[in-house]
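Here is the structure we will look at, set down as structure tokens.
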Amino acid sequence: MAVDDFMILNDIITDPPEDNNCTIAMDDEQMTSHDRIRKILDKNYKKSVENTMRKYNKKVSKTNAKIEKGSFVTVRIPVVDRASGDLPRLLCRVDDIIGKDASLYKLSCEFGILNSCYDMGDIELLTRKIETEHWSTNGISLHAAAKQASFSLARFISLFCFILSEVISHYSDEEKAKLMEQEEYKVRMDEMPWLYLTCDLPPPPLYPDEMRENIIPQIPFSVLLSKFNGVNEKEYKTYKDSTMKRFEITQLPPYIIVYIKRFAKNYFITEKNPTIVNFPIKNVDFGDLLAPEIRVKHKCTTYDLMANIVHDGQPGPGKGSYRVHVLHKGTGKWYEMQDLHVIDILPQMIPLSESYIQIFELRRDIPNPTYGKSPEENVTMES
């Protein structure tokens, strides 16, 4: 910006006019000077954007100069083509380089060959190699590929469960026999994927103890997980009948998310259950929940806690707060994060918190001792 422009703007601000005629003249001069300043600022802004884009394209061109047929890249997924929880980029492989100046790339991903071609500004080169043995060769759009990629992420946390449902009605034996002939009253078994395990806490005590103090109830983690051992039943009531359900896990994923149901909403308020869950941090064997014939199919069944989300305070909007305990795998240390505050924490303090959501990671270095053996051999070893 020229020095004269700053001098004109300074004169307008520091020397205000005294009479009305001069005010009108000075307003015209002010508008003129503002237009000149705005024009110069707009010109400088465009130059800055051009320089930034030139540097970025130069950097991208230098990096993507090594891209050749068979290279692995990531392509940016537009916001309109992905949900809020999806990844911003899609892993792809370069199948062909086309165009007059070889600037367009034909890409394929795990779910098929993308219909459109992409230039250097849309892709980034990857240095590692990916196995592509099971990649599809069908044509697919970027929107459909992004949607399937979001579903493929779920396989790392999806548990497969058998749900055995039996409707209980308060009728006589003859009426029950007639009802059992109907489809809705028959015993039904369904297998479906679950993204997390919902653990129900027992209701807290209503009255204080003998010392007239409100005690904080505690419950072992294994008692909460016994809901999914395929033996215990849980009653689900409706306005008409009650349904007894049993849950049995049939497949363990690399990561398990445990949701502890602390909040209950009635007609008036939302209540919070303050029960403390006594859970171990390491070597949690989820194989104890599996049936013997299912457990022998899993190479590893031991998990370690890697994240613990805690809710503090009263329920309701604006009343409570959240903090998270995260394991740094490189150092083996635990850290507590709340907003921008990060402090280290002892592992012994983590089970004392009111855990809300927990994430467990499979340990592949601890083998399942029953893997590959028949259920009869396992019974013999246990006895």
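Computed from a predicted model, the values in this text were never measured in an experiment.
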Item to check | Point-to-point distance, once rounded to the nearest 0.5 Å, from CG of Leu104 to CD1 of Ile97 | outcome: 10.5 Å

Checklist entry - Are side-chain heavy atoms of Leu305 and Trp334 found at a separation under 4.5 Å? => result yes

Checklist entry - Is there any salt bridge (charged side-chain N to carboxylate O under 4.0 Å, His left out) pair reaching into residues 192-203, and which pairs are they, with sequence neighbours excluded? => result Asp200-Lys227, Asp200-Lys234

Item to check | Test log, rule side chain to side chain contact (heavy atoms under 4.5 Å, CB included), inputs Leu352 and Ile276 | outcome: CA-CA 7 Å; Leu352 303 179; Ile276 299 296; 5.6 Å; no

Item to check | Phe228 and Phe286 aromatic centres sub-6.0 Å | outcome: no

Item to check | side chain to side chain donor-acceptor pair (under 3.5 Å), paired with Thr301, selected from Thr370, Asp285, Asp288 | outcome: Asp285

Next on the checklist: As a quick check of understanding, evaluate side chain to side chain contact (heavy atoms under 4.5 Å, CB included) for Thr302 and Val284, giving each step before the final call.
Outcome noted: CA-CA 5 Å; Thr302 305; Val284 182; over 6 Å; no

Checklist entry - If we only count heavy atoms from C-beta on, is the Val258 to Leu224 side-chain gap below 4.5 Å? => result no

Checklist entry - How about Phe221 and Phe360: are their ring centroids closer than 6.0 Å? => result yes

Checklist entry - What's the spacing between Glu68 CD and Leu125 CG if we round to 0.5 Å? => result 9.0 Å

Item to check | Closest non-hydrogen atom pair, His298 against Ile294 | outcome: ND1-O, 3.0 Å

Item to check | Smallest separation among heavy atoms of Cys117 and Ile98, with atom names | outcome: SG-CD1, 3.4 Å

Item to check | Partner of Ile123 under side-chain contact (heavy atoms from CB on, under 4.5 Å), chosen from Thr74, Leu90, Val75 | outcome: Val75

Checklist entry - Where the side chain of Asn273 meets the backbone of Pro202, is there a donor-acceptor pair that is under 3.5 Å apart? => result yes

Checklist entry - With a 4.5 Å heavy-atom cut-off, do Asn283 and Asp304 have their side chains touching? => result yes

Item to check | Check against side chain to side chain contact (heavy atoms under 4.5 Å, CB included), Val324 and Val310 | outcome: CA-CA 6 Å; Val324 60; Val310 181; over 6 Å; no

Checklist entry - Around Gln314, counting heavy atoms of other residues, nucleotides and ligands shown, do more than 12 lie under 6.0 Å from its CD? => result no

Next on the checklist: Would Cys109 and Leu91 count as a side chain to side chain contact (heavy atoms under 4.5 Å, CB included) here? Give the steps.
Outcome noted: CA-CA 6 Å; Cys109 63; Leu91 177 64; over 6 Å; no

Checklist entry - So, do Thr198 and Tyr196 sit near enough that their side-chain heavy atoms are less than 4.5 Å apart? => result yes

Next on the checklist: Going by salt bridge (charged side-chain N to carboxylate O under 4.0 Å, His left out), name the residues that satisfy it together with Lys319, two or more places apart in sequence or in a different chain.
Outcome noted: none

Checklist entry - In chain order, what residues pass the salt bridge (charged side-chain N to carboxylate O under 4.0 Å, His left out) check against Lys329, with sequence neighbours excluded? => result Glu361

Checklist entry - Looking at side-chain heavy atoms only, is the closest gap between Pro347 and His325 below 4.5 Å? => result no

Next on the checklist: Is there a path of hydrophobic side-chain contacts, each under 4.5 Å between heavy atoms, that joins Ile219 and Phe279?
Outcome noted: yes

Next on the checklist: Taking the side chain as everything from C-beta on, heavy atoms only, tell me whether Asn115 gets closer than 4.5 Å to Ser141.
Outcome noted: yes

Checklist entry - Below 4.5 Å, heavy atoms only, C-beta onward: do Leu197 and Phe247 meet side chain to side chain? => result no

Next on the checklist: Looking at every heavy atom in both Leu107 and Cys92, which two are closest together, and how far apart are they?
Outcome noted: CB-CB, 4.1 Å

Checklist entry - Is the shortest heavy-atom distance from the side chain of Ser116 to the side chain of Leu142 under 4.5 Å? => result no

Checklist entry - For His311, which of Arg323, Glu354, Lys272 qualifies under side chain to side chain donor-acceptor pair (under 3.5 Å)? => result Lys272

Next on the checklist: Between Asp42 and Lys46, does any side-chain N to carboxylate O distance fall below 4.0 Å?
Outcome noted: yes

